[in-house]
K.L.:
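Take a look at the following structure, please.
One-based numbering, in listed order, for ligands and for the atoms of each. Please read all numbers here as calculations on a predicted model, not as lab measurements.
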Amino acid sequence: MSDRPRAFVAGHPVNHSRSPLIHGFWLERHGIDGCYEALDVAPEGFEGLMRDVRAGVWTGGNATIPHKEAAFRLVDRRDGAAEAIGAVNTLWTEDGMLVGGNTDAYGFAANLDQRLDRWRDGETALVLGAGGASRAIVHALVDAGYRRIDIVNRTAQRAVDVAARFGEGVKGHGWQAVDERLAAADLIVNTTSLGMHGQPPLVLDFGAAHSSAFATDIVYVPLVTPFLAAANEAGLATCDGLGMLLHQAVPGFERWFGARPRVDEALRMHILGDLGEG
Ligand code: ATR
């Protein structure tokens, strides 16, 4: 084994992942002799990969769909965010132990910190969707001090289940609650896949939203989703989802390669070029 740091993103499929592009950009910027590879790993192969990380074959890596829950189960130890979210997206070792973290909540908050002044002043949030991304974002919102968080989802039970993982102030609803909860929200977040290229748009009536509310999306292809366009039209300040993807990569890079990378316009342009939006 060489000392050259080696990290991966494991997914199935994995060819859609932008992570190699992000980490490759930073490795070059920092002049680090390391590598970051995309690994297509079927579910039955994931445990073997975890053994390789524990054995030091890899410095660490990212787990993406469909491996985030398996990574959660298979690690020796988890950070607080992974425990709260129930999924692991970042892996590393400490004293021979395999450790799993979740950087999605960090990525969400760091993106808004950079691009939406005063988003932390809000108290009430509306989260649309109740999948894995929703859990990470609710965790970030609780952490940021939001006191009331309403999760609205097509399948009401999933929203209720996500809410039950968090405290008193987090409530789950079916879609019929959307207009009422929208009117009360300081921050509105789409965590569904609606609006993504090839998917139907998320159609919301922002008429009842207050004009000082913020809206943000986890979808970043296209960069300006129909949801964000409608929010803009209604006079809300908005922030696209690309920054969440970029910022969630920061803690992993720092652990594996030893330098804290920057999310800036040059990185954004690099990724946008690849997405065909540059
Ligand atoms: P992830 O873990 O990446 O968040 P997911 O678990 O598949 O992905 O969740 C996708 C989210 O988008 C869910 O909230 C889903 O709603 P359901 O729980 O009712 O399935 C939502 N979603 C996907 N397609 C949708 C559609 N056509 N209309 C409304 N919601 C949709």
Side-chain angles (χ1 to χ4, degrees), residues 9-19 43 46 62-73 81-90 100-109 111 125-142 149-166 170-182 185 187-206 215-222 225-228 230-231 240-249:
V9 53
H12 187 63
V14 77
N15 55 355
H16 64 278
S17 173
R18 313 290 169 187
S19 293
F46 191 71
N62 288 121
T64 188
I65 296 166
H67 300 309
K68 289 183 181 191
E69 281 77 21
F72 179 85
R73 285 194 307 275
E83 291 287 0
I85 297 164
V88 158
N89 75 341
T90 305
N102 191 306
T103 65
D104 286 334
Y106 163 81
F108 174 79
N111 181 35
L126 169 61
V127 175
L128 304 163
S134 170
R135 298 201 302 270
I137 284 163
V138 172
H139 177 65
L141 293 173
V142 170
I149 300 165
D150 292 289
I151 306 169
V152 168
N153 194 46
R154 174 177 62 181
T155 311
Q157 190 57 47
R158 287 189 86 193
V160 171
D161 291 346
V162 173
R165 301 178 64 94
F166 297 93
V170 185
K171 315 274 186 206
H173 318 266
W175 207 264
Q176 76 289 343
V178 77
D179 289 334
E180 184 205 326
R181 300 325 307 165
L182 185 90
L187 174 66
I188 303 153
V189 188
N190 175 40
T191 77
T192 75
S193 47
L194 293 173
M196 191 184 292
H197 188 68
Q199 298 280 328
L202 171 57
V203 181
L204 278 193
D205 178 5
F206 282 97
T216 185
D217 205 329
I218 64 158
V219 174
Y220 54 87
V221 185
T225 57
F227 165 80
L228 290 179
D240 65 64
L242 180 59
M244 178 177 171
L245 172 77
L246 305 178
H247 283 280
Q248 65 75 32

K.L.:
Can you find a side-chain donor-acceptor pair between S19 and N62 that sits under 3.5 Å?
P.N.:
no

K.L.:
Quick one: nearest non-hydrogen protein atom to atom 9 (O) of ligand 1, plus distance?
P.N.:
G131 CA, 3.7 Å

K.L.:
May I ask whether atom 7 (O) of ligand 1 is less than 4.0 Å from at least one protein heavy atom?
P.N.:
no

K.L.:
Locate the shortest heavy-atom distance separating D104 from M244; write the atom from each residue and the value.
P.N.:
O-CE, 3.5 Å

K.L.:
Salt bridge between R135 and E69, side-chain N to carboxylate O under 4.0 Å?
P.N.:
yes

K.L.:
For atom 23 (C) of ligand 1, what's the nearest protein heavy atom and its distance?
P.N.:
S193 OG, 3.5 Å

K.L.:
Which residue owns the protein heavy atom closest to atom 11 (C) of ligand 1, what's the atom, and how far is it?
P.N.:
T192 CA, 4.0 Å

K.L.:
Can L246 and N111 be said to form a side-chain contact (heavy atoms from CB on, under 4.5 Å), step by step?
P.N.:
CA-CA 8 Å; L246 305 178; N111 181 35; over 6 Å; no

K.L.:
Just one of V162, L187, V142 clears the side-chain contact (heavy atoms from CB on, under 4.5 Å) bar with I149, so which one?
P.N.:
V142

K.L.:
Judged on heavy-atom distance to atom 24 (N) of ligand 1, which of R154, Q157, R158, E69 sits nearest?
P.N.:
R154

K.L.:
Hey, is A130 one of the residues with a heavy atom under 4.0 angstrom from ligand 1?
P.N.:
yes

K.L.:
As a test of the contact definition, would atom 29 (C) of ligand 1 count as having a protein heavy-atom neighbour under 4.0 Å?
P.N.:
yes

K.L.:
Can you classify the ring geometry of Y106 versus H247 as parallel (below 30°), tilted (30 to 60°) or perpendicular (above 60°)?
P.N.:
perpendicular

K.L.:
Numbering the atoms of ligand 1 from 1, which are under 4.0 Å from a heavy atom of G129?
P.N.:
14 (O)

K.L.:
Give me the residue, atom name and distance of the protein heavy atom closest to atom 14 (O) of ligand 1.
P.N.:
N153 OD1, 2.7 Å

K.L.:
Can you tell me which portion of T155 lies within the under-4.0 Å heavy-atom range of ligand 1? Options are side chain, backbone, both, or neither.
P.N.:
both

K.L.:
Is P200 close enough to touch ligand 1? Criterion: a residue heavy atom under 4.0 Å from a ligand atom.
P.N.:
no

K.L.:
Are any non-hydrogen side-chain atoms of L202 and P226 less than 4.5 angstrom apart?
P.N.:
no

K.L.:
Among I218, D150, L204, whose side-chain contact (heavy atoms from CB on, under 4.5 Å) with L128 holds?
P.N.:
L204

K.L.:
So which protein heavy atom does atom 2 (O) of ligand 1 come closest to, and at what separation?
P.N.:
G132 N, 2.7 Å

